[in-house]
Amino acid sequence: LNAVVASARVLAISPTLSDGERAVVERIERASQRLSGMLADLRDFTRARLGGLLIVRRARCDVGALVRQVVGELQSVHPNRHITVECQGNLMLDADGQRVAQLLSNLIANAFQHSADDSDVQVRATREADAVTIEVHNTGPAIPPALMKRVFAPLSREEGSDSTHLGLGLYIAHQIARAHGGDIAVQSSAGAGTRFTARLPSEG
């Protein structure tokens with residue numbers, strides 16, 4: 001898979017490609033990245049099931065910078081989606097930056113999946129007294145009550161949903177929050193949409 005991704009990137013910068021050929025190469029790269037993400041989720045799922053909490057490697061990081069980085073990357077992949085970002089307060093945290101970015105990416109990907117292409121997704125990071133919170137909100141349909149009870153369960157998908165999603169994104173995000181000593185809460189209603197709130201304590 002790494003060879004496919006690297007080869008696609010080499011082809012993408014070739015000056016001799018026609019527009020049609022370049023579009024094909026870009027589709028190969030996007031599909032490879034999706035597959036890579038699915039494999040990473042399966043790996044984390046296996047680790048969590050076999051050994052409990054995921055391993056995190058803490059270091060000083062700026063959650064606000066992570067938010068802007070992840071949103072920028074996803075915006076380039078989904079140029080037609082609009083993401084509103086709000087970062088308030090001192091967002092420095094002793095955390096595993098890669099894992100926090102993965103948590104955020106999974107929450108935003110879930111928001112994209114369950115909301116209309118022309119709707120906004122809102123991402124907000126704020127400082128509490130003893131934690132940093134990350135909120136991801138979309139205005140899509142409310143989560144059905146039956147699914148709400150198992151929204152963070154692994155391999156859990158709504159009946160009739162897109163089969164290309166493994167149903168591990170929210171589970172992995174929840175495991176990352178737990179590994180940091182935190183948690184994720186969800187609120188969902190027909191009028192207000194769905195909001196996931198991850199709380200990461202200052203001290204794990």
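None of these values were measured; they are calculated from a predicted model.
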Study note, to complete from the structure: R199 meets the salt bridge (charged side-chain N to carboxylate O under 4.0 Å, His left out) criterion, sequence neighbours left out, with E128, D130
Review point. Do side-chain atoms of R124 reach the backbone of Q88 as a donor and acceptor pair under 3.5 angstrom?
Key: no
Review point. Is a side-chain donor or acceptor of N106 paired with a backbone partner of G169 at a separation under 3.5 angstrom?
Key: yes
Exercise for review: For residues 72-94, pull every pair meeting ring pair (Phe, Tyr, Trp, His ring centres under 6.0 Å), keeping only residues two or more places apart or in separate chains.
Suggested key: H78-F112
Check your understanding: Please, which pairs that meet salt bridge (Lys or Arg N to Asp or Glu O under 4.0 Å) have at least one residue in residues 136-149, sequence neighbours excluded?
Key -> none
Review point. Do L107 and V186 share a hydrophobic cluster (ILVMFWY, side-chain heavy atoms under 4.5 Å, transitive)?
Key: yes
Review point. With no hydrogens and no angle check, is any side-chain donor or acceptor of S119 less than 3.5 Å from a backbone partner on S115?
Key: no
Check your understanding: Distance only, no hydrogens: is a donor on one side chain within 3.5 Å (strictly under) of an acceptor on the other, for T133 and T197?
Key -> no
Check your understanding: Quick one: salt bridge (Lys or Arg N to Asp or Glu O under 4.0 Å) pairs with a partner in residues 62-81, sequence neighbours left out?
Key -> R81-D117
Review point. Using a side-chain heavy atom cutoff under 4.5 Å and only I, L, V, M, F, W and Y, what cluster partners does M92 have?
Key: none
Exercise for review: Would you mind listing the cluster partners of I28? Hydrophobic ones only (ILVMFWY), side-chain contacts under 4.5 Å, chaining allowed.
Suggested key: V4, V24
Check your understanding: Would R178 and D183 pass as an ion pair if we require N to O under 4.0 Å?
Key -> no
